[in-house]
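Presented below is the structure to which this report refers.
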Amino acid sequence: MKLFIVTVILVLLVALKMPRKRTRHELLATIQFALLMNFVSDLYLDLKYKLYWYFDKEQIEWLYLVVALGEIAVLVIIFNYFPLKSNAIKKFIYILGWTCILVLLELYAVYIRVLHYGEWNIIYSAVVYFISMYILYFVLAYTADRRETQ
């Protein structure tokens, strides 16, 4: 568990220290949408279908807040550098690359017993991450377009 907390702190430091390429508004809108999407799907897939869960299945774990902080930090890094003005192939490669990184981070969470699989597997996660990244790209693009037209 200590290794997990240290990892989250390191990712948070990277997210806080990196130079900003997106406005706070763009990042905030995209990350809020991502967290809402994530929390709803986590609750639904855990409580209704028991596909996966964090920490101990029988009780509420306050350490889930550390998971959420880690997710926020990773999302800030991803969408701060998202190539909005690039061609579709570059966007596809960027999303594919981050999908691979997110899958590795999830495997790490499973390995250190932060995340537990029921009927879930990593292939499902890869597909969900890829689709989610495209949805979040559209949220970011919409937020950036709104800023530029005002």
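We use all heavy atoms of the structure for the numbers below, so side chains are in, but hydrogens, waters and symmetry mates are not. Because the structure is a prediction, the values reported are computed rather than measured.
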If we count only N and O atoms by modelled type, under 3.5 Å, do the side chains of Lys91 and Tyr137 hold a donor and an acceptor together?
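Judged by distance alone, the side chains do pair up.
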Non-neighbouring partners of Arg20 that pass side chain to side chain contact (heavy atoms under 4.5 Å, CB included), sequence neighbours left out
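In terms of side chain to side chain contact (heavy atoms under 4.5 Å, CB included), with neighbours along the sequence ignored, Arg20 is linked to Met18, Leu27, Val76, Asn80.
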ILVMFWY network linking [X] to [Y], side-chain heavy atoms under 4.5 angstrom:
X	Y	value
Leu28	Phe39	no
Leu10	Leu107	no
Ile131	Tyr49	yes
Val6	Leu105	no
Val74	Leu36	no

Any heavy-atom pair between the side chains of [Y] and [X] that's under 4.5 Å?
X	Y	answer
Tyr129	Ile95	no
Lys50	Leu45	no
Tyr117	Ile122	yes
Met133	Ile78	yes
Lys21	Tyr81	yes
His25	Thr143	yes
Lys90	Ile93	no
Ile72	Leu35	yes

Begin from the C-alpha positions of Leu51 and Asp46 and carry the test side chain to side chain contact (heavy atoms under 4.5 Å, CB included) through to its verdict.
CA-CA 6 Å; Leu51 295 177; Asp46 176 9; over 6 Å; no
Would you please classify the geometry between the Phe92 ring and the Phe130 ring as parallel, tilted or perpendicular, with 30° and 60° separating the classes?
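It falls in the perpendicular class, over 60°.
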Please round to the nearest 0.5 Å and tell me the distance separating atom [atom1] of [X] and atom [atom2] of [Y].
X	Y	atom1	atom2	value
Leu75	Trp98	CG	CH2	9.5 Å
Phe33	Phe79	CZ	CZ	11.0 Å
Leu140	Arg22	CG	CZ	5.0 Å

Among residues at least two apart in sequence or on other chains, which ones pass side-chain hydrogen bond (donor to acceptor under 3.5 Å, both in side chains) with Glu71?
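In terms of side-chain hydrogen bond (donor to acceptor under 3.5 Å, both in side chains), with neighbours along the sequence ignored, Glu71 is linked to Asn38.
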Sole residue of Ile9, Val8, Val114 in side chain to side chain contact (heavy atoms under 4.5 Å, CB included) with Val66
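Exactly one option meets the side chain to side chain contact (heavy atoms under 4.5 Å, CB included) with Val66, and it is Val8.
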Sole residue of Val139, Leu136, Asp42 in side chain to side chain contact (heavy atoms under 4.5 Å, CB included) with Met37
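Filter result, single survivor: Leu136.
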Taking ring-ring contact (aromatic ring centres under 6.0 Å, His included) as the test, write out the residues that go with Phe4, two or more places apart.
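Scan of Phe4 (ring-ring contact (aromatic ring centres under 6.0 Å, His included), adjacent residues dropped) gives none.
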Can you sort out the partners of Phe138 under ring-ring contact (aromatic ring centres under 6.0 Å, His included), two or more places apart, ordered by chain and number?
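Here no residue qualifies.
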Are any side-chain N or O atoms of Tyr94 and backbone N or O atoms of Ile89, one a donor and one an acceptor, separated by less than 3.5 Å?
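Checking the backbone N and O of Ile89 against the side chain of Tyr94, no donor-acceptor pair under 3.5 Å is found.
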Exam field: side chain Glu26 to backbone Thr23, donor-acceptor pair closer than 3.5 Å
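Yes, Glu26 side chain to Thr23 backbone: donor-acceptor pair under 3.5 Å.
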Test: side-chain hydrogen bond (donor to acceptor under 3.5 Å, both in side chains). Region: residues 119-128. Which pairs qualify, not counting sequence neighbours?
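Passing the test, one end in residues 119-128: Glu106-Ser125, Trp120-Ser125.
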Sequence neighbours left out, what pairs pass side-chain hydrogen bond (donor to acceptor under 3.5 Å, both in side chains) with at least one residue falling in residues 5-15?
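Of all non-adjacent pairs touching residues 5-15, those that pass side-chain hydrogen bond (donor to acceptor under 3.5 Å, both in side chains) are Thr7-Tyr108.
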Nearest non-hydrogen partners of [X] and [Y], listed with the distance:
X	Y	result
Ala73	Ala15	O-CB, 3.7 Å
Leu12	Leu69	CD2-O, 3.8 Å
Val11	Gly70	CG1-O, 4.5 Å

